[in-house]
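So the structure is just underneath, and the comments pick up after that.
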Amino acid sequence: MNGIPVANDASRCARTVEVLRASRLFEALEPALLEALAGSLEIVTISGGSAIFRESEGADSMLIVLSGRLRVSRRNAEGSLLLYNEITAGECVGETGMILRQARTADVTALRDSTLGFLGRSAYESLLARFPVAINRVFSQAIYNQLRHQPQHLRRPRAESFVLVPLSPEVDIEGVAEDLRDSFARRGRVHVLRLSESDRHGDRQVAIDQLETLETAHDFLLMLADPREPEAFRQAFRQADQLVFVAAATQPTGRMPIEDRLAGEPGFILKRQHLVVVHDVDESVPCSTRFWKDGRSVERVYPVRFGNADDYDRLVRFLTGSAVGLVLGGGGARGFAHLGVLRAFEEAGVPVDLIGGNSMGALIGAQYALGASLDDICRQTLWFAQGGEHPTLPVVSLLSGKRLARDLEKLFGEALIERLWRPYFAAACNLTRACTTVQDSGPIWRAVLASNSPAGLLPPVPRGGELLVDGAILDNVPVAAMRTRLGTPLEMRHGNGTVVAIDVDVQDDLSVEPEMQRLSAWRQTKRFLRLDKRSHPSIADILYRAGHIGGLHQRERTMAMADIYLQPPVSEFALMAYRRAPEIIEAGYRYARQEIERWQHLRRTPQ
């Protein structure tokens, strides 16, 4: 560990006491103990990217973060890097190994320039002898918090910092910073910090202290530095928690020299990384995001338009871990309840940053991702659902599927999933590989067709040599797919947003009279002619239940993976009750309005 010791004089000790007193972990300690603890710490300034603790080494000390941010990581058996939670100001790390005299269980690295207070074992034992009850209590609580993944940082968190990295001269980085500042300002206090060679400080501790002052006064810091000024740019990189690369939609998609230069900086791989692709303000369709991610370790690619508040608000929600991913399940006509929920969301200002679904949910979600109004989605979905389908020679399926393919292609045209402002996916069951396939590229109409093709009823849809059918066989409400896409490559303590799932599937009764020994076509015909009132499931009933049995079987697991799981009351509506669409929409709307009152934290403007 390459650190610079800092004199723990009266002034520094007083500042350390302030940090401890503001920490959720240490706030209850009496003044005498706070001062004793602060005076026992060895204060060190650490450069961003420096290793602090290494897995398997002896643990003879712990540390408290006074300013800055650390990353916990490990290497798995194959050598791949696993990134875990961040340690921020007011939190401690290493106490378990020190107290129990065990080896370190993970690597700890400085994400950016940080000031740390190290407490050695002898200093800890001295404090324990003087304040046995209080010291036992506070560090037992720290270990408990760690095991339960409970945050222990400051009551008033320090600002999170972002550095904007232009990837070409075409990028109007000042304009991007202004749009980002406006969006951040709707969430809290933001400051734009422009660094240059002329105002660099030779004393690293002075620079860290000045940054700490800004962090205390703001919620977000946006840092700008000219890549042509290497030292200033390196300083901005070292102080950043997250990297936001910014490209112009008109530039080549390949890696730029500045990216290769930054990749060689210590700690580069530990920082969250994003790529923003900026379009003209009047651009109607974004460029494809498909090739922008090649050769980069960014979490995702964000197409935005200059001056478009919705685009930048969505970007900021991703950057701050508050994005909302909406999952729409299948369920025939009952899926119209999705429109009622979306209407309630719009009225309440609940954002939808990603949307994905299966079957009817995939159909409605695709139209919403394209920007269609709820009225247009209702009209277009009714037109599609009531079109009928032709029976065919039952060799591959009972119905031909030609009409569905034709009408979906007419509805969505040449639109591609990777050319949407709002990310979208359609789930399908992959018969070839016996798994759920998430379609997040290619023609929208074809992805929706695969997600709406129940096995046996409609022919499977070929995709890259594999056969796809309605995803309900395995997962009718694809929450797992959304959880993966809403999360980050970092296995962090906290998620990167909220997953909201809407389940409109109803487990209708599929039983017969106890004395019945055999189902027959004649009995079903008599029921159709109302000559027999006993229960006789039809082939449609049987195929539907068989096609949804996987989703019904794992419903509890799916519910557990979602942050919010909505089940609108649609059991009174038949599977094919498309003519009752207005009633179903209203049922979903009334239900959602009641539910929204419980989770105000999802509103667009934080309360």
Side-chain angles (χ1 to χ4, degrees), residues 47-49 65 67-73 81 83-89 109-114 151 153 157-167 171 173 176-177 179-181 183-185 187-195 211-212 214-215 218-225 227 233-247 258-259 261-263 265-278 292-293 296-302 304 311-323 353 486-497:
S47 299
V65 179
S67 69
R69 196 175 296 253
L70 316 180
R71 168 75 73 196
V72 180
S73 64
L81 183 65
L83 303 179
Y84 296 100
N85 53 292
E86 297 178 1
I87 310 297
T88 61
T109 308
L111 257 183
R112 54 185 170 99
D113 291 358
S114 305
H153 48 65
R158 303 288 173 84
E160 190 160 11
S161 57
F162 308 83
V163 62
L164 304 186
V165 183
L167 294 187
V171 174
I173 199 66
V176 172
D179 285 338
L180 265 175
R181 181 200 62 200
S183 286
F184 273 118
R187 305 186 65 84
R189 296 173 295 178
V190 60
H191 179 75
V192 179
L193 179 63
R194 293 171 176 83
L195 299 174
L211 186 67
E212 183 180 353
L214 287 173
E215 289 180 334
H218 299 89
D219 300 296
F220 310 104
L221 288 182
L222 294 179
M223 293 189 292
L224 300 176
F233 194 77
R234 186 175 292 112
Q235 181 185 1
F237 165 80
R238 284 206 321 261
Q239 303 293 1
D241 299 315
Q242 300 188 41
L243 306 181
V244 181
F245 296 102
V246 184
I258 184 64
E259 296 176 89
R261 198 167 86 202
L262 283 177
E265 292 288 335
F268 173 80
I269 197 172
L270 300 179
K271 297 178 188 280
R272 290 183 61 192
Q273 301 170 32
H274 316 265
L275 175 59
V276 177
V277 181
V278 184
W292 282 102
K293 218 171 180 183
R296 294 184 170 98
S297 58
V298 296
E299 292 179 15
R300 55 179 55 82
V301 179
Y302 310 86
V304 301
D311 290 351
Y312 278 93
D313 285 349
R314 182 180 305 118
L315 168 60
V316 165
R317 285 191 292 272
F318 277 109
L319 296 179
T320 57
S322 57
D353 299 306
L486 189 62
T488 72
L490 317 179
E491 298 185 25
M492 296 165 59
R493 171 184 304 174
H494 306 296
N496 197 30

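It should be emphasised that the depicted structure is a prediction, and the values quoted were computed from it without experimental measurement. All residue numbers refer to positions in the sequence shown, counting from 1.
- When all heavy atoms of Arg187 and Ser322 are compared, the closest pair comes out as NH2-OG, 2.9 Å.
- Under the 3.5 Å distance criterion, the side-chain polar atoms of Thr109 are left unmatched by any main-chain donor or acceptor of Gly49.
- If you take CG on Leu486 and CG on Asp353, they are separated by 8.0 Å, rounding to the nearest 0.5 Å.
- Listed here is the closest heavy atom pair of Leu275 and Val246: CD1-N, 4.5 Å.
- Here the straight-line distance linking atom CZ of Arg296 with atom CD of Glu259 works out to 4.0 Å at 0.5 Å rounding.
- Leu315 contributes atom CG, which lies 10.0 Å from atom CG of Asp179 (distance to the nearest 0.5 angstrom).
- Applying side-chain contact (heavy atoms from CB on, under 4.5 Å) to Leu111 and the options Arg71, Gln242, Arg238 leaves one that passes, Arg71.
- One finds the CZ atom of Phe318 at 4.5 Å from the CZ atom of Arg300 (value rounded to the nearest 0.5 Å).
- Side-chain atoms of Arg261 come within 3.5 Å of backbone atoms of Pro227 as a donor-acceptor pair (strictly under, hydrogens ignored).
- A pairwise comparison of heavy atoms in Ala159 and Leu221 identifies CB-CG, 4.1 Å as the closest pair.
- Electrostatic pairing of Asp241 and Arg112 counts as a salt bridge here, judged by a charged N lying under 4.0 Å from a carboxylate O.
- The shortest non-hydrogen separation linking Ser114 to Gly68 is OG-CA, 3.4 Å.
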**OP:** Check step by step if side-chain contact (heavy atoms from CB on, under 4.5 Å) holds for Val298 and Trp292.
**Re:** CA-CA 10 Å; Val298 296; Trp292 282 102; over 6 Å; no

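- Atom CZ of residue Arg181 and atom NE2 of residue His191 lie 11.0 Å apart, to the nearest 0.5 angstrom.
- Considering only heavy atoms from C-beta on, Tyr312 comes within 4.5 Å of Val176 through its side chain.
- Partner of Phe245 under the side-chain contact (heavy atoms from CB on, under 4.5 Å) criterion, out of Ile258, Leu262, Val276: Leu262 alone.
- Counting heavy atoms from C-beta outward, Leu195 and Phe233 have side chains that stay 4.5 Å or more apart.
- Classified by interplanar angle (parallel below 30°, tilted 30° to 60°, perpendicular above 60°), the ring pair Phe162/Phe184 is tilted.
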**OP:** Show your reasoning for whether side-chain hydrogen bond (donor to acceptor under 3.5 Å, both in side chains) applies to Gln273 and Ser297.
**Re:** CA-CA 7 Å; Gln273 301 170 32; Ser297 58; 3.0 Å; yes

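- Looking at heavy atoms from C-beta onward, His218 lies in side-chain contact with Leu214 at the 4.5 angstrom threshold.
- Looking at heavy atoms from C-beta onward, Tyr302 lies out of side-chain contact with Arg314 at the 4.5 angstrom threshold.
- Note: Glu86 CD to Thr88 OG1 = 8.0 Å, rounded to the nearest 0.5 Å.
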